[in-house]
Amino acid sequence: MQYILDTADVDFIRKAVDLYPIAGVTTNPTIVAKEKKNFKEIIRGIREAIGEDLMIHVQCLSLKAEDIVKEALYIKELAKGNVFVKIPVIPEGIKAIKLLKERNIKITATAIFTPQQALIAAMAGADYVAPYVDRLDNISADGVKVVAEIVELLKINNLETKVLAASFKNVEQVHKVCLTGVQSVTVNKDLFEKLIYHPLTEWSVNTFISDWENQYGKNKTTLDC
Ligand code: G3P
């Protein structure tokens with residue numbers, strides 16, 4: 001299982017990579033624009049924060065295959081290290097995936113809303129396919145079911161493509177998607193902190209401290225080691 005951060009907030013990324021078992025970062029044009037900073041600076045900042053080995057997924061903006069290929073090569077050069085180029089599953093995007101596979105560029109096919117889009121992208125050579133769970137739920141579709149069918153289709157076809165489930169608005173969506181057997185989820189910064197938080201954990205930790213202090217005295221919050 002891979003937990004990925006769906007944000008371009010470099011300060012948050014640095015902090016989260018220090019605390020949690022994070023496999024990488026995903027961005028898209030909306031996420032980058034939200035930071036109101038220069039694109040190159042943001043991508044270089046993320047790489048500096050996560051190091052060479054963690055993944056960064058950076059999205060193309062062009063709509064024609066030849067232009068997508070150019071952008072992909074630019075992203076690979078800019079982001080260095082372990083980089084995946086995100087390409088939306090429009091027809092020209094699928095063509096670009098085929099062209100880029102010939103050049104050994106790692107690809108994440110994105111903006112996926114149906115299992116067939118995922119299967120076609122995987123057969124074109126995508127390393128990851130990224131279905132959008134909350135955006136599906138918001139049109140009264142079943143995001144988790146779509147993800148489960150993608151997992152099943154990739155298995156049936158013996159494809160090595162991994163599922164990177166995206167677009168979550170609550171912990172339950174993430175949890176149900178994890179149960180489908182996906183290889184990775186990408187979660188925004190607010191939601192990521194909710195995955196680990198539980199009021200009873202906080203209460204339990206506070207109780208441990210106060211019981212200890214009652215017996216051994218105030219300011220004795222370590223084991224004297
Ligand atoms: O990684 C794709 C994701 O950023 C889309 O999420 O929350 O905008 O639906 P959202």
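All values derive from a computational prediction rather than experimental measurement. Whatever order the structure lists them in is the order used to number ligands and atoms, beginning at 1.
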- Query: Parallel under 30°, tilted from 30 to 60°, perpendicular over 60°: which one fits the rings of F84 and H57?
  - Reply: parallel
- Task: Give a yes or no on whether the backbone of V182 and the side-chain of K162 come within a donor-acceptor separation of less than 3.5 Å.
- Result: no
- May I ask you to say whether E66 pairs ionically with K70, meaning some side-chain N is under 4.0 Å from a carboxylate O? no
- Message: Using a 4.0 Å cut-off on heavy atoms, what residues surround ligand 1? Order them by chain and number.
- Response: D6, N28, I31, K86, Y132, R135, A166, S167, K169
- Going by atom types alone, do Y20 and E193 pair a side-chain donor with an acceptor below 3.5 Å? no
- May I ask you to decide if N170's main-chain N or O and Q173's side chain share a donor-acceptor pair within less than 3.5 Å? yes
- Query: Looking at D6, N188, V133, which hits side-chain contact (heavy atoms from CB on, under 4.5 Å) with F168?
  - Reply: V133
